[in-house]
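By convention in this document, chain letters (A, B, ...) are assigned in the order of the sequence lines, proteins followed by strands, and residues within each chain are numbered from 1.
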Protein chains: 2
Amino acid sequence: MPASQKVTMIQDAVQLVKGYPQVHLTVDCVIFGFDENKLKVLLIRSDLETYQGKWSLLGDVVHENEELDAAADRVLLERTGMTNVYLKQVQAFSRVDRHPGGRVVTVAYCSLLNIRDHELQITDNELHWHTVKTLKEMAFDHKEILDACYSWLQKRIQEHPLGFNLLPEKFSLRELQNLYEAILNVELDRRNFRKKFFSMDFLVDTGELETDVKHRPGKLYQFNFDKYEKSKRKWIGIDF
Amino acid sequence: MPASQKVTMIQDAVQLVKGYPQVHLTVDCVIFGFDENKLKVLLIRSDLETYQGKWSLLGDVVHENEELDAAADRVLLERTGMTNVYLKQVQAFSRVDRHPGGRVVTVAYCSLLNIRDHELQITDNELHWHTVKTLKEMAFDHKEILDACYSWLQKRIQEHPLGFNLLPEKFSLRELQNLYEAILNVELDRRNFRKKFFSMDFLVDTGELETDVKHRPGKLYQFNFDKYEKSKRKWIGIDF
DNA sequence: CCAACAATGTGTATTATTTACATAAAAATG
DNA sequence: CATTTTTATGTAAATAATACACATTGTTGG
């Protein structure tokens with residue numbers, strides 16, 4: 001044993017941890033949807049009097065023997081009735097005064113789902129979809145959390161195929177482009193957009209066409225996640 | 001007030017929060033350095049008997065009225081004596097059994113510093129630099145945390161100018177390239193690497209040359225962070 | 001039924017970026 | 001002063017991004 005290691009080892013880890021301070025821990029889900037060519041987010045009215053009338057993200061405390069991902073999954077299941085939803089941890093928020101009831105640290109999750117895939121069953125607290133673009137004040141630091149998750153999504157959607165979670169399984173290229181334009185807040189050239197996606201070669205032509213559309217229907221495609229996973233590359237190239 | 005809002009408002013937020021379960025919360029810092037053309041990480045021996053001989057990240061509990069960023073800053077200051085160090089939150093880790101002493105959720109931070117800028121003053125618990133590449137077992141889930149932060153760094157360094165935090169203020173292009181090659185584990189063409197960085201136009205020629213090098217000395221450059229901040233662009237382009 | 005309309009679907013020329021590759025010049029070494 | 005090592009730079013070819021135009025298909029309304 002080297003001379004420098006003269007530290008007494010701690011034998012009782014449980015005793016050690018008991019001496020640690022504790023905090024209240026929650027998860028908050030930023031649940032995005034896409035409808036009417038607009039990015040939407042699912043919110044409820046806050047039930048805290050301090051924030052009366054303000055909109056709030058869907059969240060809950062993390063249970064005693066529950067992982068963060070599981071807590072977020074649970075929130076999603078309880079509120080939308082859906083399992084297997086796209087859900088990723090984004091960031092922890094820890095401002096000391098972020099909750100009027102005391103010290104509450106929260107971990108934000110970003111969730112993407114197809115609005116049409118589920119009906120809002122329980123609409124307690126006026127649970128419904130809001131247009132992200134026009135959303136202003138919110139309860140707690142939830143606007144800050146929403147902004148962080150939206151930025152995360154904007155960046156992420158350019159590099160990873162997660163936008164498809166916001167669309168039906170079969171979608172037209174126009175729908176896909178509308179999605180990107182709405183999220184990134186840009187206008188894209190239709191021809192170059194198609195070229196780009198076709199050249200990636202992950203879109204499968206289903207042979208089906210759009211229905212209930214009052215003009216020439218477009219082809220419907222599916223995203224081939226398997227193929228994408230297999231051909232995923234690490235190196236992008238230095239650029240900033 | 002709409003008919004759907006029949007929820008009783010909670011008036012006493014403090015009382016509400018008191019009913020929440022609590023967890024122990026820590027931060028763990030993955031402190032990267034660069035030396036001998038290798039990416040290094042600063043570790044100590046775990047002082048838990050369970051993990052005797054295993055290496056551990058530098059971490060600490062989050063204090064009662066302390067934000068996560070502040071806690072990470074404090075860990076860094078206490079261990080390296082340095083302030084104003086590059087430090088970013090990466091991810092929360094919450095496996096229920098990740099700590100033998102009980103439920104401890106941790107938030108991982110990635111830190112980048114120039115090894116030469118500080119001397120390891122306090123070398124308790126054999127605090128020293130380890131080569132990332134050859135590191136195997138670690139205490140707790142710290143290997144998993146390290147891997148996550150390393151992946152984060154690999155991706156981040158391609159899109160943001162954070163690598164410079166690992167180098168002295170004035171550096172040669174060869175040093176910069178060595179850094180990228182070490183972190184990304186690739187070989188890069190020297191000519192194209194230079195061309196790329198010069199075309200970004202953020203490198204300032206200091207007019208100085210390398211010293212103490214036993215061959216033709218290279219020019220020393222500085223990174224112009226101000227200019228970068230001003231010209232930062234949002235749109236990258238869809239590609240995955 | 002047919003003309004007007006609206007959106008889909010495709011191609012090409014231009015420009016910019018990335019990649020591959022070779023040689024000259026400067027300093028250190030013996 | 002010749003040798004060695006590393007810096008420094010340029011150019012051609014391939015690839016990718018952009019800008020842009022027209023034919024096609026189905027819908028709608030007269």
Side-chain angles (χ1 to χ4, degrees), chain A residues 36-37 157-159 161 167-168 170-182 184-223 228 231-240, chain B residues 36-37 157-159 167-168 170-182 184-222 231 233-240:
Chain A
E36 301 165 312
N37 288 340
I157 200 174
Q158 296 186 53
E159 303 176 356
L167 296 175
K170 298 170 183 179
F171 51 86
S172 70
L173 269 177
R174 163 59 60 186
E175 289 177 286
L176 187 61
Q177 185 176 341
N178 285 342
L179 176 71
Y180 271 87
E181 292 184 333
L184 297 173
N185 208 27
V186 289
E187 290 211 336
L188 300 172
D189 182 275
R190 197 162 48 84
R191 289 157 289 189
N192 294 335
F193 183 85
R194 296 170 144 268
K195 205 184 302 174
K196 185 72 206 171
F197 268 94
F198 287 139
S199 75
M200 292 184 201
D201 211 28
F202 297 130
L203 293 184
V204 181
D205 189 336
T206 64
E208 298 173 51
L209 296 175
E210 286 179 300
T211 53
D212 299 330
V213 80
K214 51 174 178 283
H215 53 74
R216 174 180 178 184
K219 291 185 183 180
L220 293 178
Y221 295 88
Q222 280 180 293
F223 187 81
Y228 167 73
S231 70
K232 214 164 18 178
R233 72 182 186 291
K234 270 208 187 86
W235 174 255
I236 307 171
I238 301 161
D239 209 5
F240 46 84
Chain B
E36 301 166 312
N37 289 340
I157 201 175
Q158 297 186 54
E159 303 176 355
L167 296 175
K170 298 170 182 181
F171 50 86
S172 70
L173 269 177
R174 163 59 58 187
E175 289 177 287
L176 187 60
Q177 184 175 342
N178 285 342
L179 176 70
Y180 272 87
E181 291 185 332
L184 296 174
N185 209 27
V186 289
E187 290 212 335
L188 300 171
D189 182 274
R190 200 157 45 84
R191 290 159 289 191
N192 294 335
F193 183 84
R194 296 166 78 83
K195 205 183 304 172
K196 186 72 206 171
F197 268 95
F198 287 139
S199 74
M200 293 183 200
D201 211 28
F202 297 129
L203 292 185
V204 181
D205 188 338
T206 64
E208 297 172 52
L209 295 175
E210 286 180 301
T211 53
D212 300 329
V213 79
K214 52 172 179 282
H215 53 75
R216 173 179 178 184
K219 290 185 184 180
L220 293 178
Y221 296 87
Q222 280 179 291
S231 69
R233 71 181 187 292
K234 272 207 186 85
W235 174 255
I236 307 169
I238 301 160
D239 208 6
F240 45 85

Novice: I'd like to check the side chain to side chain donor-acceptor pair (under 3.5 Å) partners of A:E187; sequence neighbours left out, ordered by chain and number.
Specialist: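 Result, side chain to side chain donor-acceptor pair (under 3.5 Å) vs A:E187: none returned.
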Novice: Taking atom P of C:dT19 as reference, at what distance in whole Å does atom CZ of B:F197 sit?
Specialist: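 To the nearest whole Å, that distance equals 14 Å.
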Novice: CD of B:E208 versus P of D:dT7: gap in Å, rounded?
Specialist: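 It is 18 Å, rounded to the nearest whole Å.
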Novice: When every nucleotide of nucleotides 21-30 of chain D is labelled 5' to 3' by its protein contacts under 4.0 Å (heavy atoms), B for base, S for sugar-phosphate only, - for none, what sequence of letters results?
Specialist: B--BBSSS--
Novice: Under the salt bridge (Lys or Arg N to Asp or Glu O under 4.0 Å) rule, what pairs show up with a residue in residues 170-179 of chain A, not counting sequence neighbours?
Specialist: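 Checked against salt bridge (Lys or Arg N to Asp or Glu O under 4.0 Å) - neighbours excluded - the pairs reaching residues 170-179 of chain A are A:K170-A:E208.
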Novice: Compare the minimum distances between each of D:dA8, C:dC21, D:dC20 and the side chain of B:R194, then state the nucleotide with the smallest one.
Specialist: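 Of the options given, the side chain of B:R194 lies nearest D:dA8.
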Novice: D:dG10 P sits how many Å from B:F198 CZ, rounded?
Specialist: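 B:F198 atom CZ is separated from D:dG10 atom P by 11 Å.
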Novice: Take atom CG of A:N192 and atom C1' of D:dT15, then tell me their distance rounded to the nearest Å.
Specialist: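 It is 15 Å, rounded to the nearest whole Å.
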Novice: Would you please name every residue forming a side-chain contact (heavy atoms from CB on, under 4.5 Å) with A:K232, sequence neighbours left out?
Specialist: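 Result, side-chain contact (heavy atoms from CB on, under 4.5 Å) vs A:K232: A:Y228, A:E229.
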Novice: What's the CG-P distance between A:D189 and C:dT10, to the nearest Å?
Specialist: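 About 15 Å, once rounded to whole Å.
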Novice: Figure out the CG/P separation between A:D205 and C:dT8, and round it to whole Å.
Specialist: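 For the pair A:D205 CG and C:dT8 P, the rounded distance is 15 Å.
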Novice: Expressed in angstrom and rounded to an integer, what is the separation of A:L176 atom CG from C:dG9 atom C1'?
Specialist: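 Computing the A:L176:CG to C:dG9:C1' distance gives 16 Å.
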Novice: Using nucleotides 15-18 of chain C, report all nitrogen or oxygen pairs with the protein that are shorter than 3.5 Å.
Specialist:
residue, atom, partner, partner atom, Å
C:dT18, OP1, B:K196, NZ, 3.3
C:dT18, OP2, B:K196, NZ, 2.9

Novice: Taking the ring centre of each residue, are A:F223 and A:F197 less than 6.0 Å apart?
Specialist: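 When the ring centroids of A:F223 and A:F197 are compared, they turn out to be at least 6.0 Å apart.
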Novice: Check whether any side-chain heavy atom of B:K196 lies under 4.5 Å from a side-chain heavy atom of A:D239, and answer yes or no.
Specialist: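 Side-chain contact under 4.5 Å: yes.
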Novice: Please list, chain by chain and in numerical order, all residues satisfying salt bridge (charged side-chain N to carboxylate O under 4.0 Å, His left out) with B:R216, sequence neighbours excluded.
Specialist: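 So B:R216 forms no salt bridge (charged side-chain N to carboxylate O under 4.0 Å, His left out) with any residue.
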Novice: Output all residues satisfying side-chain contact (heavy atoms from CB on, under 4.5 Å) with B:D212, sequence neighbours left out; order by chain, then residue number.
Specialist: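 Here no residue qualifies.
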Novice: Taking only residues two or more places apart in sequence, or in another chain, which ones meet A:Q158 in a side chain to side chain donor-acceptor pair (under 3.5 Å)?
Specialist: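 Result, side chain to side chain donor-acceptor pair (under 3.5 Å) vs A:Q158: none returned.
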Novice: Atom CG of B:L220 to atom P of C:dA27: distance rounded to whole Å?
Specialist: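 The distance from CG of B:L220 to P of C:dA27 comes to 14 Å, rounded to the nearest Å.
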Novice: Who pairs with A:L188 by side-chain contact (heavy atoms from CB on, under 4.5 Å), at least two apart in sequence or on another chain?
Specialist: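 Applying side-chain contact (heavy atoms from CB on, under 4.5 Å) to A:L188 gives A:Q177, A:Y180, A:E181, A:V186, A:F193, B:W235, B:I238.
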